[in-house]
Amino acid sequence: MWDKKELCIWISVFIFLISFGCGVEVMEQSNYSWVKDYRTISHAFGGIEEYTYTNSIEAFLYNYEKGHRVFEVDFSITADNVLVAAHDWKMFYRLTGRSLEEGETAQPLTLEQFKESKVYGKYTPLSWKDIVILMQQYPDIYIVTDTKDTVDPMITTAFTQIVNEAKELEEESDSNILDRIIPQIYNPEMYYIICDIYPWKSVIYTLYNQPRGKYTFEQICHFIKVNDIKVVTTNDLRINRDFVEKVQDMGGYVYMHTYNDTSTVTKQIEKYGIDGVYTDYLTPKDVNEVFK
């Protein structure tokens, strides 16, 4: 029989493992090698002409040619429960010229309605399935998900589709699509939910959608350390030099968003010591020059 001290130790270990969910599994198989190669993440597939937030095939192709390989994409769910690349329905209505009556709210479209739409009258919107096919065709790209929803069941709906569509195409093509999907999480609860769906190779903890004051920098650092999360994304509202250095001391990296001129990026590097940025228009060459 265990004595009282031994029993307390084992209870503590059990509570620790339960508290941090799938962190042990993720630590065993994580891979953040992409971070060392890419200081830029192309925001919403990147800007094209004077337009941002298109999340379109044209924006992807344009920015791929500019040298981008890591692309952040916004996602929403259609009326018929399909994951598509759209920041939100209010913005999608505006970008595609759909009108609303006074007092009317932008309701989710069906997949058919979504696919029939043109962003700014000329750019082609993409479903998640379309993006998976792109990942098969371009085996050197990574997709960072910005799914917006922070509670279930929407998280489960989105990430179940993400995994199932990728697995289906992987089986057909023997490609490593799932290894190149990088979920952005907005809180610890979301992390545990998505890890129950799939053991992701890398995860980004983004702070923009988190209520200010809910988690301290110390709590965030503890969480990412325990779960071996190596990348944090933030903005001017939630950052200081001490936080960045603590993340880096744990082997992590801090990205900021969203910047489109090298002078501002230079200032943020000097002020905070960040490791990379999200951008609409800067090229990897532009940003790499600043970080030299």
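Atom set for the values below is all heavy atoms of this structure, side chains included, hydrogens, waters and symmetry mates excluded.
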Verdict with reasoning, R69 to D37, per salt bridge (Lys or Arg N to Asp or Glu O under 4.0 Å): CA-CA 10 Å; R69 294 297 180 267; D37 296 325; over 6 Å; no
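- Checked by atom type and distance alone, the side chain of R39 pairs as donor or acceptor with a backbone atom of D275 at under 3.5 Å.
- Contact annotation: the side chain of M135 approaches that of R180 to within less than 4.5 Å [non-hydrogen atoms, C-beta and beyond].
- Defined by atom type and a distance below 3.5 Å, a donor-acceptor pair is missing between the side-chain atoms of T147 and D149.
- Atoms CG and CZ, on N288 and F291 in that order, are 8.5 Å from each other to the nearest 0.5 Å.
- The CG atom of L169 sits 9.0 Å away from atom CD of Q137, with the distance rounded to the nearest 0.5 Å.
- Atom CG of N187 and atom CD1 of I220 lie 11.0 Å apart (nearest 0.5 Å).
- Residues W34 and V70 have side chains in contact (heavy-atom distance under 4.5 Å, counting atoms from C-beta outward).
- Going from atom CG of N240 over to atom CD of E245 covers 9.0 Å, rounded to the nearest 0.5 Å.
- Residue Y281 holds its OH atom at 8.5 Å from CD of E49, rounded to the nearest 0.5 Å.
- In this structure, V82 belongs to a hydrophobic cluster whose other members, linked by side-chain heavy atoms under 4.5 Å apart, are I48, Y51, Y53, Y62, V84, W89, M91, F92, Y93, L95, L100, L109, L111, F114, V119, Y120, Y123.
- The main-chain N or O of G273 is found under 3.5 Å from a side-chain atom of Q248 such that the two form a donor-acceptor pair.
- Considering only heavy atoms from C-beta on, D286 stays 4.5 Å or farther from T279 through its side chain.
- Counting only distance, with no hydrogens or angles, the side chain of N227 and the backbone of I229 share no donor-acceptor pair below 3.5 Å.
- A distance below 6.0 Å separates the ring centres of Y205 and F223.
- Under the side chain to side chain contact (heavy atoms under 4.5 Å, CB included) criterion, A166 pairs with I177, L178, I181, not counting sequence neighbours.
- For the residue pair D88 and S76, no side-chain donor N or O sits within less than 3.5 Å of a side-chain acceptor on the partner.
- If you check the side chains of D146 and Y208, you find a donor sitting under 3.5 Å from an acceptor.
- Note on E289 versus K292: salt bridge recorded, some NZ/NE/NH1/NH2 to OD/OE distance being below 4.0 Å.
- A side-chain donor from one of Y259 and Q268 sits under 3.5 Å from a side-chain acceptor of the other.
- In terms of modelled atom types and a separation under 3.5 Å, the side chain of Q219 and the main chain of T216 share a donor-acceptor contact.
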Does the side chain to side chain contact (heavy atoms under 4.5 Å, CB included) test come out yes or no for I141 and Y64, once each step is laid out? CA-CA 9 Å; I141 67 170; Y64 183 88; 3.6 Å; yes
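- Side-chain atoms of H68 come within 3.5 Å of backbone atoms of L282 as a donor-acceptor pair (strictly under, hydrogens ignored).
- The environment of NZ in K129 is sparse: at most 12 heavy-atom neighbours from other residues, nucleotides or ligands sit within 6.0 Å.
- In this structure, the side chain of E72 does not engage the main chain of S42 through any donor-acceptor pair within 3.5 Å.
- No donor-acceptor pair closer than 3.5 Å links the side chain of N63 to the backbone N or O of K66.
- At least one side-chain heavy atom of Y186 sits less than 4.5 Å from a side-chain heavy atom of T206.
- Here the side chain of E58 pairs a donor or acceptor atom with the backbone of T124 at under 3.5 angstrom.
- A donor-acceptor distance shorter than 3.5 angstrom exists from the side chain of N55 to the backbone of D74, with no hydrogens or angles considered.
- When each of V73, I162, L83 is tested with T145 by the rule side chain to side chain contact (heavy atoms under 4.5 Å, CB included), just one qualifies, namely I162.
- Contact of the W128 side chain with the I77 side chain is not registered, since no non-hydrogen atoms from C-beta on lie closer than 4.5 Å.
- Remark: the S30 side chain and the D228 side chain contain an N/O donor-acceptor pair separated by less than 3.5 Å.
- Around the NZ atom of K271, the shell of radius 6.0 Å holds no more than 12 heavy atoms that belong to other residues, nucleotides or ligands.
- Q161 places a side-chain N or O within 3.5 Å of a backbone atom of N81 that can act as its donor or acceptor partner.
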Stepwise side chain to side chain contact (heavy atoms under 4.5 Å, CB included) test for L134 and L126: CA-CA 10 Å; L134 274 182; L126 298 166; 4.2 Å; yes
Is there a side chain to side chain contact (heavy atoms under 4.5 Å, CB included) between Y272 and V254 once you walk through the steps? CA-CA 9 Å; Y272 300 117; V254 176; over 6 Å; no
